[in-house]
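The sequence lines fix the lettering, A, B, ..., with proteins before strands; numbering per chain opens at 1.
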Protein chains: 2
Amino acid sequence: MRKAVDTVFRYLAVLQCVPAHPARKTTTRILAELREKDPEFNVSARSMQRSLEQLSARFPITCETVGRTNHWYWIDSHAMTQLPAMTEHTAFALRLANEYLRPLMPPATLRLLDSYFNHANRLLKGSALGRWANRARIVARGPLLTPPPVKEDVQRAAYNALLNDRLLEINYRSRSQQRSQRVALNPLGLVFRETVAYLVASAWHYPDVRHYALHRMSKPRLLDQPAGTPPGFRLASHIRDELRFSYPLASGNIPLRAAVSPEVAEHLAERRLSGDQRIARHADGRIVVEASVANTQELRWWLLGFGSAVEVLSPASLREEFAAQSRAMQAMYETEAPS
Amino acid sequence: MRKAVDTVFRYLAVLQCVPAHPARKTTTRILAELREKDPEFNVSARSMQRSLEQLSARFPITCETVGRTNHWYWIDSHAMTQLPAMTEHTAFALRLANEYLRPLMPPATLRLLDSYFNHANRLLKGSALGRWANRARIVARGPLLTPPPVKEDVQRAAYNALLNDRLLEINYRSRSQQRSQRVALNPLGLVFRETVAYLVASAWHYPDVRHYALHRMSKPRLLDQPAGTPPGFRLASHIRDELRFSYPLASGNIPLRAAVSPEVAEHLAERRLSGDQRIARHADGRIVVEASVANTQELRWWLLGFGSAVEVLSPASLREEFAAQSRAMQAMYETEAPS
DNA sequence: GGTTAATACGACATAGTGCGTCGCATGAGA
DNA sequence: TCTCATGCGACGCACTATGTCGTATTAACC
């Protein structure tokens, strides 16, 4: 039964089945995959050949003829079409997302999303929204840190190794040693800390689990040997243990009480620290914030950043930490600056 | 003249032209838009009606008949197809992006991107990558602040007003006043500060430009009157001026010199403060970082967050600021905590 | 309330095209 | 050299997409 809608449907399925550039599929493979996915895919091989040929006239797909068989692929993965089409609002949101993510994500990971951002930009360029570049600004916290560049092949290999549970052989240039060293890693997880991506892995024979920054890797090679997970390994608990000293992620919450300046109170009135946050204005003019928050290092950073605009009242242990911190700082700054 | 496979591609064009749910287009509008885009779109209106009806049988599009005219739209914006299909790596990157953005973006803006994230999640669910939820973690800086919810209609109206240069009438509940007030705003720009979105606008007759938080708006109504931009207004300079006290974005860079702990040095070795950052290890064991950085409030927050692990050496003015800050903190904490 | 414009939709005839089938050419592997 | 797999040209037919016309319904306007 030949209906144009069916044809459209089928063509879309074909287009979705054709892979993006580095990969490719033969005509018969595409047909087989589609037949398997949808049993009512009753077209002859000839029709499939014709479909692909037709589609290649209007979409950026081509075939490379090796021998007698055609291998199909998308030429330009940046040329993207989607149904339904992206709206201007969504395009704008994507543009914002891009700006937000740029200082946070490893560049190689971000590059995977480039086609989306490009698509959004192309859409906005034509419309009145194009001016929005000058009409929206993101005021970020913290300075813009420059993310270290990760080699694209390293990123791909690391993701693949983790995905397929395979050993990953790389040159690793650790911070302490100048020269890089060839190691085979047993990938267990990925941790992103600000802009840096770390592969959580155990080196070849050794049982201990360590962190390897992706940007210090080079010359990746996927080994055929399957990787093994140490019994009982769980990424969440590993992070808690491994990063205990630098970034403790305590499980329990603590009841925080702090006196804050009007500016900070205003800040917190809009973005609450927790669901149960309460802000009370005392008789003496001080504003006290109460909230149960996770007892983390990040909390300390964040509170400390406000300086004298925030005074931790309780828990007593946290107050003592801050008192010690301020004593140390005061001692530091009261001496003359060394040249 | 009905050329070969034209029908099929025309149907595709129609599918791309039909908007996602909240929006909708009439049959004639779709025809007009397509005719304008592609001059060889010589089909009768009747054909277009038939096309849409046919497509609605296999694709999630429907029409709502208001009066005598049909308004078409995609039912389920979550059902998305993109060409070429999303790869697993990209899906994973999107998933990460989602996690990164959640604490940063206004929820309503984030919701515009939901279909992408959902699409990615659906893709990952089936594959081996599904486990990646337990294999990747983002270690963020700062506690998770709860973003204030923005009403969806407010967000849409605000974006539309800015896009079409139209006056926006809303109920605004300012922080100081309990009751909300009806105001007509002249939209000029959007500013995102942490998770809060502000509309930069001037109220009806008044010449001064102010910031209106989106989450304090309700009952939006787009007016037909065109909005006007004050002569010489530029968002970037406005932010610099308006936010001078809370978030100064000074234009010039300052040469920062700071003594840091080994941990902070390690941190900075990976994410550089600036392109010219240098880290020197002095004879007495102290590590000194030099970089030219923007002279902003965020820089102070960020440096202060490290507490006694960072000692600002120069510029002298900045060091004096930090010395004063630490004196104030010390004074604060050496007195007993008030109950 | 009457009139007009706009839109949707059913019916019908016809052209022309998508699809299956067949057969041949070509390249790879045994 | 033989065999198998794939691509591709050709052919014929069924069937569907399309334009046209007429009618029903609604909104808008005087």
Practice task
Examine the side chains of A:Thr27 and A:Trp72 and answer whether a donor and an acceptor come within less than 3.5 Å of each other.
Solution key: yes

Handout entry: Distance-only donor-acceptor check, side chains B:Ser174 and B:Tyr212, under 3.5 Å
Key = no

Exercise for the section: Using side chain to side chain contact (heavy atoms under 4.5 Å, CB included) as the criterion, list what pairs up with A:Ser51, not counting sequence neighbours. Expected result: A:Arg10, A:Tyr11

Practice task
Answer with yes or no whether the side chains of A:His21 and A:Asp76 bring together a donor and an acceptor at under 3.5 Å.
Solution key: no

Handout entry: Sugar-phosphate only, base, or nothing, as touched by A:Arg29 at under 4.0 Å among non-hydrogen atoms
Key = nothing

Handout entry: Which residue lies more 5' along DNA chain D, comparing A:Val5 with A:Thr26 via nearest heavy atoms
Key = A:Thr26

Practice task
Indicate whether OP1 or OP2 belonging to D:dT6 is found under 4.0 Å from a side-chain N or O atom of A:Thr28.
Solution key: yes

Practice task
Provide, to the nearest angstrom, the distance between the CE atom belonging to A:Met48 and the P atom belonging to C:dC19.
Solution key: 10 Å

Fill in the blank from the handout: Sorted by number, residues from residues 59-70 of chain A placing a heavy atom under 4.0 Å from DNA chain C are A:Gly67, A:Arg68

Handout entry: Under the side-chain hydrogen bond (donor to acceptor under 3.5 Å, both in side chains) test, residues paired with A:Tyr172 that sit two or more places apart
Key = A:Arg216

Handout entry: Interatomic distance where CG belongs to B:Leu52 and P belongs to C:dT7 [whole Å]
Key = 14 Å

Handout entry: Backbone of A:Val43 reached by a side-chain donor or acceptor of A:Arg35 within 3.5 Å
Key = yes

Practice task
Determine, for A:Tyr73 and A:Arg24, whether the Lys NZ or Arg CZ falls below 6.0 Å from the six-membered ring centre while staying within 45 degrees of the axis.
Solution key: no

Problem - A:Lys25 (side chain) donor-acceptor with A:Cys17 (main chain) under 3.5 angstrom - result: yes

Practice task
Over 60° means perpendicular and under 30° means parallel, so classify the ring planes of B:Tyr198 and B:His211, tilted if in between.
Solution key: tilted

Fill in the blank from the handout: Separation of D:dT6 atom P from A:Leu31 atom CG, nearest Å, is 10 Å

Practice task
State whether the side chain of A:Gln155 and the backbone N or O of A:Thr109 hold a donor-acceptor pair below 3.5 Å, judged by distance alone.
Solution key: yes

Practice task
Using the test side chain to side chain contact (heavy atoms under 4.5 Å, CB included), find all partners of A:Glu53 that sit at least two apart in sequence or belong to another chain.
Solution key: none

Enumerate the protein-to-nucleotides 10-12 of chain C contacts in which both atoms are nitrogen or oxygen and the separation is below 3.5 Å.
residue, atom, partner, partner atom, Å
C:dG10, N7, B:Arg46, NH2, 3.3
C:dG10, O6, B:Arg46, NE, 3.4
C:dA11, N6, B:Arg50, NH1, 3.4

Practice task
Check whether any side-chain nitrogen or oxygen of B:Ser47 sits under 4.0 Å from OP1 or OP2 of D:dG19, and answer yes or no.
Solution key: yes

Exercise for the section: State whether B:Thr27 places a side-chain N or O below 4.0 Å from either non-bridging phosphate oxygen (OP1 or OP2) of C:dA8. Expected result: yes

Practice task
Determine to 10° how strongly the helix from C:dG1-D:dC30 to C:dA30-D:dT1 is bent, judged from the axes of its five-pair ends.
Solution key: 40°

Exercise for the section: Rounded to the nearest angstrom, tell me the gap between atom CZ in B:Phe9 and atom P in C:dG18. Expected result: 10 Å

Practice task
Look at A:Gln49 and D:dG7 and indicate whether a side-chain polar atom (N or O) is within less than 4.0 Å of OP1 or OP2.
Solution key: yes

Problem - Rounded interatomic separation in angstrom, taking OH from B:Tyr11 and P from C:dG18 - result: 12 Å

